[in-house]
**Q** 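I'd like to ask you about the structure that follows.
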Amino acid sequence: MDTITTWFTLGLLGELLGTAVLAYGYTLVPESDRRRYLLLVAIPGIAVVAYVLLFLGIGTIQSDGHTVYVVRYVDWLLTTPINVLYLGLLAHASRQDIGTLVGLQALTIVFGFAGAVTASPLSYGLFALGGAAFAGVVYLLYRDVAAAATASLSDLEAGLYRTLRNFVVVLWLVYPVVWLLSRAGIGIMDVETTALVITYLDVVTKVGFGLIALYGRTTLVSVGETDAGSAIADD
């Protein structure tokens, strides 16, 4: 087994374990939240399919002297909009803001892929367009959607929104750095290291995001039950 296949195998195991834990978490969240919670299970679940294909060597193309893992971009095109969709729904943001968030995040991935399969200097122009789309995502998450969360959620719930938003935004900022350092950019990071870093980020962002959301939601339920018990005792 070569080095890259080893990273893909570890990524597959991480996503499988994360999907299983989050699927079990479905039984722990209130029924009113379960429909939205399924988005969290879908994120690593989609990644499982992607990593199976990567392990089998399916879904790669050669472009301008380097390998492009098309499967990764398909995975990100599906899962990262789901991430921002979850945040928008959690914050009770408007449909317009949620739709804009999902659209801009999808454009981020589309332009990133287009940059990876084209030669420079066009690739850098497409990469910059992807960066601009992501800047729009960050703007909405920290402004309009954050305002909706503050207006509609309790302090604890709004705190959970901010934690999830900061977690995903900070980690997603690492991806473009890797893109620039990899063979698609200036090429100082070799293919094996790129595969390792991306696999690590994929597992942490997808599974970690879900686990934080699950822990936060179950904690809120526990706090609510404690408060209700105290109120009954006071009566």
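If you're wondering where the values come from, they're calculated on a predicted model, not measured in any experiment.
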**Q** Would you say Val203 and Leu10 are hydrophobically clustered, going by side-chain heavy atoms of ILVMFWY under 4.5 Å?
**A**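 No, separate clusters.
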**Q** Counting N and O atoms only, with roles assigned by atom type, does the side chain of His66 sit under 3.5 Å from a partner on the main chain of Gly185, one being a donor and the other an acceptor?
**A**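 Pair absent, no side-chain N/O of His66 close to backbone of Gly185.
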**Q** Test of understanding: with ring pair (Phe, Tyr, Trp, His ring centres under 6.0 Å), list the residues that count as partners of Phe111, not counting sequence neighbours.
**A**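 For Phe111, no residue satisfies ring pair (Phe, Tyr, Trp, His ring centres under 6.0 Å) once neighbours in sequence are set aside.
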**Q** How close do Gly115 and Ser123 get, counting heavy atoms only, and between which atoms?
**A**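 Closest approach of Gly115 to Ser123, heavy atoms only: O-CB, 3.1 Å.
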**Q** Does Phe134 have any ring pair (Phe, Tyr, Trp, His ring centres under 6.0 Å) partners at least two apart in sequence or in another chain, and if so, which?
**A**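 Phe134 satisfies ring pair (Phe, Tyr, Trp, His ring centres under 6.0 Å) with no other residue.
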**Q** Applying side-chain hydrogen bond (donor to acceptor under 3.5 Å, both in side chains), name anything that partners Thr108, two or more places apart in sequence or on another chain.
**A**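 Listed in chain order: nothing, the list is empty.
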**Q** Over all heavy atoms of both residues, which pair between Ser152 and Ala91 is shortest? Give the atoms and the distance, please.
**A**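 For Ser152 versus Ala91, the nearest heavy atoms are OG-O, 3.1 Å.
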**Q** Of all heavy-atom pairs between Phe8 and Ala195, which one has the smallest distance, and what is that distance?
**A**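 Heavy atoms of Phe8 and Ala195 come nearest at CE2-CB, 4.4 Å.
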**Q** Among Leu77, Thr79, Val84, which residue satisfies the side-chain contact (heavy atoms from CB on, under 4.5 Å) criterion with Gln105?
**A**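 Of the listed residues Leu77, Thr79, Val84, the side-chain contact (heavy atoms from CB on, under 4.5 Å) partner of Gln105 is Val84.
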**Q** Can you name the ring pair (Phe, Tyr, Trp, His ring centres under 6.0 Å) partners of Trp7, sequence neighbours left out?
**A**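 By the ring pair (Phe, Tyr, Trp, His ring centres under 6.0 Å) rule, Trp7 matches no residue at all.
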**Q** Under the ring pair (Phe, Tyr, Trp, His ring centres under 6.0 Å) rule, collect the residues that match up with Tyr37, sequence neighbours excluded.
**A**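 Tyr37 satisfies ring pair (Phe, Tyr, Trp, His ring centres under 6.0 Å) with no other residue.
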**Q** Before giving the answer on side-chain contact (heavy atoms from CB on, under 4.5 Å), spell out for Val41 and Thr19 the whole-Å C-alpha distance, their side-chain angles and the decisive distance to 0.1 Å.
**A** CA-CA 6 Å; Val41 183; Thr19 303; 4.3 Å; yes
**Q** If you compare all heavy atoms of Leu141 against all heavy atoms of Arg165, which two are closest, and at what distance to 0.1 Å?
**A**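 Minimum heavy-atom contact is O-CD, 3.3 Å.
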**Q** Once the angle between the rings of Phe167 and Phe209 is folded into 0 to 90°, is it parallel (under 30°), tilted (30 to 60°) or perpendicular (over 60°)?
**A**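 The rings of Phe167 and Phe209 sit tilted, inter-plane angle from 30° to 60°.
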**Q** Can you see which heavy atom on Ala149 is nearest to which on Ala158, and at what distance?
**A**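 Minimum heavy-atom contact is O-CB, 4.2 Å.
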**Q** Does the Asp75 side chain pair with the main chain of Val71, one donor and one acceptor, at a distance under 3.5 Å?
**A**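 Not a single qualifying donor-acceptor pair exists.
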**Q** For residues 48-56, please give each side-chain donor-acceptor pair under 3.5 Å, one per line with the distance, not counting sequence neighbours.
**A**
from  : atom 1 : to     : atom 2 : distance (Å)
Tyr51 : OH     : Arg72  : NH1    : 3.1
Tyr51 : OH     : Asp202 : OD2    : 2.9

